[in-house]
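The structure appears below as structure tokens.
Note that the structure is predicted; figures quoted are calculated from it, not measured.
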Amino acid sequence: MVQGTPFLLVLSMALVAPSFSAGKCILTGHWANDLGSNMTIEALNGKGEFMGSYHTAVTATKNEIQLSPLQGSQHSTNSNSQPTFGFTVNWKFSDSITVFTGQCFVDEEGKEILKTMWLLRSRVDNLKDDWKATMVGTNVFTRLHSRK
């Protein structure tokens, strides 16, 4: 019985350790969402601000989709391994803009996931059409790993 004790101790530590060591989620990099859109987030500056680009896979316009700039900020990560963030995309091919807000998570398998909610504001011709100018939705982004 005594010989099995070290084995059980090591086994229990191996099973419990993952819940204690949630990985750090990092926004910088290439991401794809559940609709097939892709975005790149460049390095954060000292204030937690970042720039990047977004290539949407979906649009309500008949215009050709173009790569569009994004800019945003991340909450300080001094003690947060799964930070909150927000960014704005200024669509280059339409008269609309989208704001995203979300949180960067690391799941049980160590995979980074961005859970977001967005508001898309489209230009309308007059005040009476304002009711149809804003849409809301959610997206889940996963990290794209570059192939070497």
Side-chain angles (χ1 to χ4, degrees), residues 9-148:
L9 180 61
V10 170
L11 178 61
S12 65
M13 288 173 56
L15 294 174
V16 174
S19 64
F20 286 19
S21 61
K24 185 167 184 160
C25 193
I26 306 206
L27 286 179
T28 303
H30 304 286
W31 300 87
N33 72 19
D34 45 325
L35 297 175
S37 299
N38 292 295
M39 75 171 167
T40 299
I41 296 178
E42 298 170 6
L44 280 70
N45 67 20
K47 298 178 191 175
E49 300 164 336
F50 57 88
M51 306 286 282
S53 59
Y54 198 106
H55 191 264
T56 187
V58 295
T59 182
T61 73
K62 296 189 188 312
N63 300 338
E64 181 182 346
I65 293 173
Q66 297 177 26
L67 187 65
S68 298
L70 70 79
Q71 62 182 58
S73 63
Q74 172 184 300
H75 191 266
S76 172
T77 59
N78 293 341
S79 62
N80 300 320
S81 62
Q82 300 187 94
T84 56
F85 61 89
F87 62 88
T88 302
V89 179
N90 182 5
W91 304 110
K92 289 299 174 190
F93 58 91
S94 68
D95 291 335
S96 60
I97 196 160
T98 302
V99 293
F100 289 79
T101 187
Q103 187 169 356
C104 190
F105 291 102
V106 177
D107 71 9
E108 302 82 27
E109 298 167 0
K111 185 167 81 170
E112 293 169 296
I113 297 171
L114 306 181
K115 295 281 288 184
T116 66
M117 177 169 265
W118 51 262
L119 290 172
L120 170 86
R121 176 65 190 210
S122 298
R123 189 190 67 76
V124 291
D125 292 328
N126 54 59
L127 185 58
K128 70 179 181 174
D129 288 335
D130 184 63
W131 67 271
K132 64 181 179 180
T134 303
M135 297 188 330
V136 63
T138 60
N139 284 122
V140 176
F141 291 84
T142 55
R143 183 174 296 282
L144 288 174
H145 294 284
S146 59
R147 295 184 179 167
K148 293 181 181 180

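Summarising the geometry, atom CD belonging to Glu112 is positioned 7.0 Å from atom NE2 belonging to His145; distances are rounded to the nearest 0.5 Å. Taken to the nearest 0.5 Å, the OG atom of Ser94 stands 14.0 Å off from the NZ atom of Lys62.
Asp34 meets the salt bridge (charged side-chain N to carboxylate O under 4.0 Å, His left out) test with no other residue; sequence neighbours excluded. Remark: Lys115 pairs with Phe105, Ile113, Val140 by the side chain to side chain contact (heavy atoms under 4.5 Å, CB included) rule, at least two apart or across chains. With sequence neighbours excluded, the residues satisfying side chain to side chain contact (heavy atoms under 4.5 Å, CB included) with Ile65 are His55, Thr56, Thr59, Phe93.
Shortest non-hydrogen contact noted between Gln82 and Val106 is OE1-N, 2.6 Å. When all heavy atoms are compared, the tightest approach of Lys92 to Leu67 is CG-O, 3.9 Å. The heavy-atom pair separating Ser37 from Ala57 by the smallest distance is OG-N, 2.8 Å.
Contact check for Phe141 versus Leu27: no side-chain heavy atoms found under the 4.5 Å cut-off. With contacts defined as side-chain heavy-atom distances shorter than 4.5 Å, the pair Met117/Val136 qualifies. Residues Phe85 and Leu114 form a side-chain contact, since some pair of their non-hydrogen atoms from C-beta on lies under 4.5 Å apart.
Applying the disulfide bond (SG atoms under 2.5 Å apart) rule to pairs touching residues 94-137 yields Cys25-Cys104, sequence neighbours excluded.
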Report task. Could you give me the CA-CA distance, side-chain angles and deciding distance for Met39 and Asn33, then say whether side chain to side chain contact (heavy atoms under 4.5 Å, CB included) is met? Result -> CA-CA 9 Å; Met39 75 171 167; Asn33 72 19; over 6 Å; no
In residues 119-127, what donor-acceptor pairs under 3.5 Å come from side-chain atoms, sequence neighbours left out?
| unit_1 | atom_1 | unit_2 | atom_2 | d |
| --- | --- | --- | --- | --- |
| Arg121 | NH1 | Asp130 | OD1 | 3.1 |
| Arg121 | NH1 | Thr134 | OG1 | 3.3 |
| Arg121 | NH2 | Asp130 | OD1 | 2.6 |
| Arg123 | NE | Asp95 | OD2 | 3.2 |
| Arg123 | NH1 | Asp125 | OD1 | 3.1 |
| Arg123 | NH2 | Asp125 | OD1 | 3.4 |
| Asn126 | OD1 | Lys128 | N | 3.2 |
| Asn126 | OD1 | Asp129 | N | 3.2 |

In residues 44-52, what donor-acceptor pairs under 3.5 Å come from side-chain atoms, sequence neighbours left out?
| unit_1 | atom_1 | unit_2 | atom_2 | d |
| --- | --- | --- | --- | --- |
| Asn45 | OD1 | Lys47 | N | 2.8 |
| Asn45 | OD1 | Gly48 | N | 3.1 |
| Asn45 | OD1 | Glu49 | N | 3.0 |
| Asn45 | ND2 | Glu49 | OE1 | 2.8 |

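With respect to Trp118, the side chain to side chain donor-acceptor pair (under 3.5 Å) criterion is satisfied by exactly one of Thr101, Thr98, Asn139: Asn139.
Aromatic ring orientation, Tyr54 versus Trp91: perpendicular (interplanar angle above 60°, classes split at 30° and 60°).
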